[in-house]
Amino acid sequence: MKLILAIINSDDANAVSNALTDNGFLVTKLSTTGGFLKVGNTTFITGVDDDRVDEVIKIIKSKSKKRKQSVPSATPLEVDTYSAIPFEITIGGATIFVLNVEDFKKV
């Protein structure tokens with residue numbers, strides 16, 4: 001058995017949740033915040049049999065879209081003067097951790 005932790009952009013969370021549950025996976029959702037942009041994420045937790053791990057990853061990949069976003073960057077011009085020059089970054093997609101489960105009990 002495996003434990004899958006998947007960190008998803010909140011914009012994609014409903015699509016991922018619906019697709020996983022439609023395919024028979026039981027998931028727990030946690031609201032989380034990323035450290036770099038301080039934006040909302042959703043972390044999904046699900047336990048699956050070893051032979052279904054690839055199926056979960058495929059579903060998450062298909063519903064987690066990468067997108068471009070402009071963010072300001074503080075650049076010093078003179079002493080005590082800053083200019084916000086925006087730059088583009090890629091956000092979205094998914095970060096997925098697959099962990100071995102030594103023991104599992106549902107009581």
Side-chain angles (χ1 to χ4, degrees):
M1 177 162 249
K2 303 289 186 197
L3 178 70
I4 299 176
L5 303 173
I7 304 166
I8 311 293
N9 185 285
S10 289
D11 293 341
D12 299 324
N14 284 336
V16 171
S17 179
N18 291 339
L20 288 171
T21 56
D22 288 348
N23 284 279
F25 296 103
L26 302 175
V27 296
T28 298
K29 295 180 1 177
L30 302 172
S31 294
T32 54
T33 302
F36 177 62
L37 294 176
K38 310 280 192 269
V39 296
N41 292 318
T42 300
T43 300
F44 289 88
I45 304 170
T46 186
V48 299
D49 291 326
D50 291 359
D51 62 338
R52 296 197 74 193
V53 170
D54 290 337
E55 185 180 352
V56 170
I57 292 172
K58 182 178 176 183
I59 290 168
I60 293 170
K61 279 184 177 180
S62 73
K63 300 298 179 182
S64 302
K65 305 299 178 198
K66 289 186 179 184
R67 55 189 69 77
K68 300 284 185 183
Q69 179 176 330
S70 292
V71 294
S73 170
T75 305
L77 295 176
E78 298 175 13
V79 177
D80 295 328
T81 306
Y82 286 85
S83 171
I85 299 171
F87 66 98
E88 198 170 76
I89 61 167
T90 301
I91 63 168
T95 301
I96 303 170
F97 299 91
V98 179
L99 306 147
N100 289 320
V101 175
E102 188 173 314
D103 191 21
F104 168 75
K105 293 179 179 46
K106 190 170 184 176
V107 294

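In what follows, residues are counted from 1 in the order of the sequence shown. Note that the coordinates shown come from a computational prediction; the quantities given were computed from them, not determined experimentally.
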Listed once per pair and sorted, the side-chain hydrogen bond (donor to acceptor under 3.5 Å, both in side chains) pairs that draw on residues 47-59, sequence neighbours left out: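 Found R52-E55.
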To the nearest 0.5 Å, what is the distance between OG1 on T28 and CZ on F44? 10.0 Å
Value rounded to 0.5 Å, distance of CD1 in I57 from OG in S62: 12.0 Å
State plainly whether one hydrophobic cluster holds both V16 and V53, where clusters connect Ile, Leu, Val, Met, Phe, Trp and Tyr through side-chain heavy atoms under 4.5 angstrom apart.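 Shared cluster, yes.
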Please output the side-chain donor-acceptor pairs of residues 19-26 that fall under 3.5 Å, not counting sequence neighbours, one pair per line with the distance.
residue, atom, partner, partner atom, Å
T21, OG1, S17, O, 3.0
T21, OG1, N18, O, 3.2
N23, ND2, A19, O, 2.7

Heavy-atom pair with the smallest gap, counting every atom of T42 and S10: OG1-OG, 3.6 Å
Taking all non-hydrogen atoms of both residues, which atom of I8 and which atom of S64 are closest, and how far apart?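 For I8 and S64, the tightest heavy-atom pair comes out as CD1-OG, 3.5 Å.
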N41 side chain to T32 backbone, donor-acceptor under 3.5 Å: no
Does K63 NZ have over 12 foreign heavy atoms under 6.0 Å away? no
In a table with atom names and distances, give each donor-acceptor pair under 3.5 Å that connects a side chain of residues 94-106 to protein atoms at least two apart or in another chain.
residue, atom, partner, partner atom, Å
N100, OD1, K2, NZ, 2.2
D103, OD1, K105, NZ, 3.2
D103, OD2, K105, NZ, 2.5

If we check side-chain contact (heavy atoms from CB on, under 4.5 Å) with I45, which of these qualifies: I4, L30, V27? L30
